[in-house]
Asks: 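Structure incoming, see below.
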Amino acid sequence: MIRLLLTDLDGTITIDRGSYILDLNAIESLRRAEKSGIKVAIVSGNSYPVLRGLQNYLGFSGGIVAENGCLVFYQGVTIRTCEVVPRSLVSEFAKTFNLKESWQNEFRKSDFGYTPAIITDEMIEWANQRGLMISSSGYALHLSGKPGGKGVGVRKLLDIMNLNENQVAAVGDSKTDIDMFKYAAIKAAVSNADQDLIKSANVVLKLKSGNGITELVNMLLR
Ligand SMILES: O=C(O)COP(=O)(O)O
Ligand SMILES: [Mg+2]
């Protein structure tokens with residue numbers, strides 16, 4: 001029986017990919033899931049303050065996984081799962097590749113966001129030489145400390161919630177969500193998701209982004 005729904009934020013509970021506007025029907029559906037006993041956790045590349053605020057005001061009780069898996073919060077416990085990246089490297093990366101830093105970077109320690117969200121071979125090489133990881137959600141390019149990836153945070157969240165993957169559903173829109181699929185029985189992609197995510201999914205939704213969330217919750221509560 002599904003006890004936890006892991007949902008990505010940008011491109012998944014927003015009205016569309018590329019938008020930051022929350023889909024209010026998706027929020028209402030996630031609240032229905034919470035009322036029926038399925039806890040909802042937001043798993044995102046966004047920073048801890050953003051997700052902590054969203055979780056509080058949206059009324060979700062399943063914890064949060066911020067910084068692309070590098071920071072986990074559940075019932076008052078905060079756990080950092082990745083190496084901290086020195087501020088000097090965060091700035092050097094932006095300068096070297098002429099990138100704009102996310103406004104959220106001042107609130108981050110292990111995973112940092114930049115735009116444009118396009119990864120180049122030179123960036124991968126630069127990161128490898130410094131023992132760092134590179135990923136992109138389509139909204140932002142991410143530089144993070146090892147091990148990095150949403151899966152490491154989800155693994156930790158399931159440990160502290162004492163849940164196994166058969167009790168978990170996950171839904172997302174981009175490549176960075178593939179990593180959390182390892183720890184979910186239901187691996188759902190919204191219809192407008194990256195092809196790589198669709199290939200890794202065992203449920204491909206008919207509807208895009210937030211509408212896909214409503215479709216998935218209706219499926220889970222059937
Ligand atoms: O911060 C980003 O890159 C987008 O975040 P997401 O993981 O919620 O899609
Ligand atoms: Mg996303």
Side-chain angles (χ1 to χ4, degrees), residues 5-23 26-27 30 40-55 58 60 62-73 81-82 85 90 93-94 99-119 123 127 133-144 148-154 157 170-184 187-198 200-201 204-205 207-213 216:
L5 173 53
L6 303 167
T7 180
D8 169 64
L9 174 57
D10 293 338
T12 302
I13 57 177
T14 50
I15 56 175
D16 201 346
R17 295 191 76 193
S19 169
Y20 291 98
I21 310 291
L22 286 179
D23 180 310
I27 301 306
L30 292 170
V40 175
I42 304 176
V43 181
S44 171
N46 282 280
S47 62
Y48 173 66
V50 167
L51 300 191
R52 184 75 191 271
L54 269 179
Q55 186 213 35
L58 295 179
F60 300 158
I64 55 180
V65 176
E67 293 194 27
N68 258 337
C70 290
L71 192 74
V72 179
F73 171 80
T81 56
C82 309
V85 180
V90 174
F93 184 63
L99 300 168
K100 186 172 181 302
E101 283 203 44
S102 161
W103 64 270
Q104 298 182 46
N105 283 356
E106 67 176 290
F107 309 110
R108 297 166 180 265
K109 290 188 177 163
S110 302
D111 170 276
F112 294 83
Y114 304 83
T115 47
I118 301 148
I119 299 177
M123 291 175 184
M133 314 291 287
I134 292 266
S135 64
S136 172
S137 65
Y139 279 72
L141 178 67
H142 287 265
L143 180 72
S144 67
K150 291 188 178 184
V152 70
V154 164
L157 181 64
V171 57
D173 75 308
S174 85
K175 283 183 190 168
T176 56
D177 299 313
I178 295 173
D179 206 35
M180 70 173 168
F181 276 2
K182 284 184 253 182
Y183 302 105
K187 312 163 196 291
V190 292
S191 66
N192 52 337
D194 280 340
Q195 278 310 310
D196 288 347
L197 187 73
I198 288 176
S200 310
V204 180
L205 295 162
L207 301 175
K208 72 177 183 179
S209 299
N211 289 334
I213 288 287
L216 177 62

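Read the numbers this way: they start at 1 and go in the same order the structure lists the ligands and their atoms.
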Asks: Under 2.8 Å from the Mg ion (ligand 2), which protein N, O or S atoms do you find? Ignore water molecules.
Replies: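 D8 OD2, D10 O, D173 OD1, with waters left out.
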Asks: Give every pair made of an N or O atom of ligand 1 and a protein N or O atom lying under 3.5 Å apart, one pair per line with both atom names and the distance to 0.1 Å, or write 'none'.
Replies:
residue	atom	partner	partner atom	Å
ligand 1	1 (O)	H142	NE2	3.4
ligand 1	3 (O)	S137	OG	2.5
ligand 1	3 (O)	H142	NE2	2.7
ligand 1	5 (O)	D10	OD2	3.4
ligand 1	7 (O)	D8	OD1	2.9
ligand 1	7 (O)	G45	N	2.8
ligand 1	7 (O)	K150	NZ	2.8
ligand 1	8 (O)	D8	OD1	3.0
ligand 1	8 (O)	L9	N	3.3
ligand 1	8 (O)	D10	N	2.9
ligand 1	8 (O)	S44	OG	2.7
ligand 1	9 (O)	D8	OD1	2.9
ligand 1	9 (O)	D8	OD2	3.4
ligand 1	9 (O)	D10	O	3.1

Asks: Rounded to the nearest 0.5 Å, what separates atom CG in L51 from atom CD in E67?
Replies: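 If we round to the nearest 0.5 Å, L51:CG and E67:CD are 9.5 Å apart.
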Asks: D10 and S44: side-chain hydrogen bond (donor to acceptor under 3.5 Å, both in side chains), yes or no, with the steps?
Replies: CA-CA 8 Å; D10 293 338; S44 171; 5.0 Å; no
Asks: Please check this pair: side chain of K182 against backbone of G151, looking for a donor-acceptor N/O pair closer than 3.5 Å.
Replies: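 Answer holds: no.
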Asks: Is the shortest side-chain N to carboxylate O distance from K175 to D194 below 4.0 Å?
Replies: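 No, this pair does not count.
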Asks: At what distance, to the nearest 0.5 angstrom, does CG of D177 lie from OG of S200?
Replies: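 Here the interatomic distance stands at 10.0 Å.
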Asks: Are M133 and N68 side-chain neighbours, meaning at least one heavy-atom pair lies under 4.5 Å?
Replies: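 SC-SC contact between M133 and N68 ruled out.
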Asks: Do Q104 and V50 have side chains that get closer than 4.5 Å, going by heavy atoms?
Replies: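 The answer is yes, as the side chains (C-beta and beyond) meet within the 4.5 Å cut-off.
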Asks: Side chain to side chain contact (heavy atoms under 4.5 Å, CB included) for V171 and L205? Distances and angles first, verdict last.
Replies: CA-CA 10 Å; V171 57; L205 295 162; 4.2 Å; yes
Asks: About how many Å separate CZ of F93 and OH of Y114, when rounded to the nearest 0.5 Å?
Replies: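 Atom-to-atom, Y114:OH and F93:CZ are 6.0 Å apart.
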